[in-house]
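Reading through the structure tokens given below for one structure.
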Amino acid sequence: MIDIKLLRQSPQIFIEALEKRNANTELVDKIIELDKEWRKLTTELNNLKAERNSLSKLVAKAKAEKNEELAREIIEKSKKIGEKIKEIETVQQDIESKMKDIALNIPNIPHESVPVGSDETENIEIRRWGEPRKFDFEPKAHWDLGPDLGLMDFERAAKLSGSRFTVMYGYLAKLERALIQFMLDVHTKENGYTEVWVPHLVKRETMTWTGQLPKFEEEAYNIKKDDLFLIPTAEVPLAALHAGETLNEKELPKKYTAYTPCYRREAGSYGKDVRGVIRQHQFDKVELVWITTPERSFDDLEKLTQDAEKILQLLELPYRVVSLCTGDLGFAAAKTYDIEVWLPSYNAYKEISSCSNDTDFQARRANIRYRGKDNKLHYVHTLNGSGLAIGRTLVAIMENYQNPDGSITIPRVLVPYMGVERIP
RNA sequence: GGAGAGGUGGCCGAGUGGUCGAAGGCGCUUGCCUGCUAAGCAAGUGUGGGGGUUACCCCACCGAGGGUUCGAAUCCCUCCCUCUCCGCCA
């Protein structure tokens, strides 16, 4: 959520932000106009209420003095004010809800360090790690490798659930589990995260707090009967964990990690990544979330990103890090690094993690604050990143570690988790 | 699912129609006092919003939203949440 005071004071900041994002700037003008009217009515209301309050006190006094006639007189006067208040309140509430609707649909302001650009082609590569393997045979894509091994089954998945679902057997199923375990172990033992186990169904409010709603309702699976949503990422329950709370600066930053499945309708992505397990309605992910302070949040984003990169380094998978340009930035993010892993089937780097600083955007919506050294209340900054997407990691291992005979070598660090050195 | 109890400030806890934003206690901050610490004494100590050049003034908030009333923490309705008992259940 945007800061209405800042918007009043310098609407230009928001207009520029929306322009950089290729978003509609009309919203800003509209909300400013509504705000003007709102303040006018608010002042009027405050004055009327003040008058009513003082009259009420006079009534109490008159009654105490047994002066019934005077009391009745004042009550009459007060009644009229009450009617007027009700009238204005109706108008004010209407304006208020309109303002809120707009405010909830205005995205976060991009950080000054974010490259300006219109779409993903203008993202900036920050660094590369590792060298894509040169194959002396024709490498298979995972959507061939998996079924050829008899360990990945798209047909039966489609029978059960439709498109964009996968069934895995044996060592591939185990590899999925091993990756979850491995990543959680690294983050908790080496990177200092607290493991959290969270609900996978959350309330409409919760989705609104973190920015998924109201704008992206089409993307979410909703259980109508109870109006609960299947989480599209563990970021939702993790970032909303402290909603409504006042934290102590001493306990910040809080670093949380959680494994959850993620559920996404992928409504706008027909024809995109249709083969294999790259884009699924259900996928596993180990998520990283920081609750931190404004002073350090951008430094923390660097650390969070490195925590995610570490997984790829340990798995010895080549990757690069790109800084998303303003046009490619997510709704809640002020800055985002995508980590892209090398996929032979795409002959390209493909997103495997997205690490964002949402600054105070979610904190405002969810009302998460901390008491600072100045003894005042401030909004926290929230950061989130995949550490990593499990399915895509599994695919990257399959494709990058495949052998000419169609077997797959298990990365060294995973051998203890798998109990074998290769599949099959 | 059935029956009941309850949600008040950082915490505990009083308050059933009129100076209640809310007694009292704990905690916290500052000052005094004191070899140090503790105790003691005094003062202060919520959040959000509107207005004013400052001093400051005003409004709202007692789980949420409506309603009754001149006036609601207090009465009524709806919802949410917590707890206890019963039923069911992994």
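In what follows, every heavy atom counts, from backbone to side chain, and hydrogens, waters and symmetry copies are set aside. In the text below, chain A, chain B and the rest are named by the order of the sequence lines, each starting its count at 1. Just so you know, these numbers come straight off a predicted model, no measurement behind them.
A ring-centre distance under 6.0 Å is found for A:Phe298 and A:His111. Between A:Phe216 and A:Phe331, the ring center distance clears the sub-6.0 Å criterion.
Set against B:G48, B:G50, B:C59, the side chain of A:Ala50 has B:C59 as its closest nucleotide. Closest contact between the side chain of A:Ser56 and the listed nucleotides B:G50, B:G18, B:G48 involves B:G18. With B:A60, B:U47, B:G50 as the candidates, the nucleotide lying closest to the side chain of A:Arg369 is B:U47. For A:Lys49, taking side-chain heavy atoms from C-beta onward, the closest of the listed nucleotides B:C59, B:G48, B:C70 is B:C59. When distances are taken from the side chain of A:Arg52 to each of B:G71, B:C80, B:G50, the shortest belongs to B:G71. Listed nucleotides B:C59, B:G18, B:G66 differ in distance to A:Lys63; the shortest reach to its side chain belongs to B:G18. Checking B:C70, B:G51, B:G66 against every side-chain atom of A:Arg39, the shortest atom distance belongs to B:G51.
In this structure, A:Lys86 reaches the sugar-phosphate backbone alone: every heavy-atom distance under 4.0 Å involves primed, P, OP1 or OP2 atoms, never a base. Within the nucleic acid shown, A:Asn47 has no heavy atom closer than 4.0 Å to any nucleic acid atom. Within 4.0 Å (heavy atoms only), A:Leu45 reaches no atom of the nucleic acid at all.
Counting to the nearest Å, the P atom of B:U69 and the NZ atom of A:Lys57 are 22 Å from each other. Atom P of nucleotide B:C80 and atom CG of A:Leu228 are separated by 12 Å, given to the nearest angstrom. Atoms CG (A:Asn248) and C1' (B:G27) sit 14 Å apart, rounded to a whole Å. Between A:Gln93 atom CD and B:G49 atom P the separation is 18 Å, expressed in whole Å. Regarding A:Asp35, its CG atom lies at a distance of 11 Å from the C1' atom of B:G49, rounded to whole Å. The nearest whole Å value for the distance from the OH atom in A:Tyr379 to the C1' atom in B:U47 is 10 Å. Across the protein-nucleic acid pair, A:Asp3 atom CG and B:G48 atom P stand 12 Å apart, rounded to whole Å. In this entry the distance linking CD1 of A:Ile4 with P of B:G50 reads 9 Å, nearest Å.
Going from the P atom of B:G17 to that of B:U74 covers 12 Å, rounded to whole Å. Annotation: B:G18 and B:C26 have their C1' atoms spaced 31 Å apart (nearest Å). When the C1' atom is used for both B:G40 and B:U53, the distance is 45 Å, rounded to whole Å. For B:C20 and B:A5, the P atoms lie 31 Å apart once the distance is rounded to whole Å. Using C1' as the reference atom, B:G44 and B:U37 are 24 Å apart when rounded to the nearest Å. B:A43 and B:G35 have their P atoms separated by 24 Å, with the value rounded to a whole Å. Spacing of C1' atoms, B:A72 relative to B:U8, comes out at 14 Å, to the nearest Å. As rounded to the nearest Å, B:G15 and B:G63 have P atoms that lie 15 Å from one another.
Around atom CD of A:Glu33, no more than 12 heavy atoms belonging to other residues, nucleotides or ligands sit under 6.0 Å away.
Comparing A:Asn46 and A:Thr43, the nucleotide of RNA chain B nearest to each residue sits closer to the 5' end for A:Thr43. When each of A:Ser54 and A:Ile74 is assigned the nucleotide of RNA chain B bearing its nearest heavy atom, the one mapping closer to the 5' terminus is A:Ser54.
The nucleotide B:U78 finds its pairing partner in B:A64, both defining distances of the Watson-Crick or G-U wobble pair being shorter than 3.5 Å. Pairing partner, B:G4: B:C83, with both Watson-Crick or wobble hydrogen-bond distances short of 3.5 Å. For B:C32, the paired base is B:G40 (Watson-Crick or G-U wobble, both distances below 3.5 Å). Under the Watson-Crick or G-U wobble criterion, with both distances below 3.5 Å, B:G27 is paired with B:U45. Taking a pair to require two hydrogen-bonding distances under 3.5 Å in either a Watson-Crick or a G-U wobble arrangement, B:G18 pairs with B:C70. B:C89 makes up no base pair with any nucleotide shown, lacking Watson-Crick or G-U wobble contacts both under 3.5 Å.
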Pair A:Ile124-A:Val322, side-chain contact (heavy atoms from CB on, under 4.5 Å): steps then yes or no: CA-CA 5 Å; A:Ile124 305 287; A:Val322 301; over 6 Å; no
Worked verdict on A:Lys335 versus A:Ser356 for side chain to side chain donor-acceptor pair (under 3.5 Å): CA-CA 6 Å; A:Lys335 180 171 188 170; A:Ser356 301; over 6 Å; no
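The pair A:Arg412-A:Glu316 counts as a salt bridge, with a side-chain nitrogen and a carboxylate oxygen less than 4.0 angstrom apart. Between A:Lys98 and A:Asp101 there is no salt bridge, since none of the side-chain N atoms of the basic residue sits less than 4.0 Å from a carboxylate O of the acidic one.
Tested against A:Trp290 for a side chain to side chain contact (heavy atoms under 4.5 Å, CB included), the candidates A:Asp307, A:Thr382, A:Asn357 yield a single pass: A:Asp307.
In this model, the phosphate group of B:C70 is not approached by any side-chain N or O of A:Asn53 to a distance below 4.0 Å at OP1 or OP2. Here A:Lys5 reaches the OP1 or OP2 of B:G49: one of its side-chain N or O atoms lies under 4.0 Å away.
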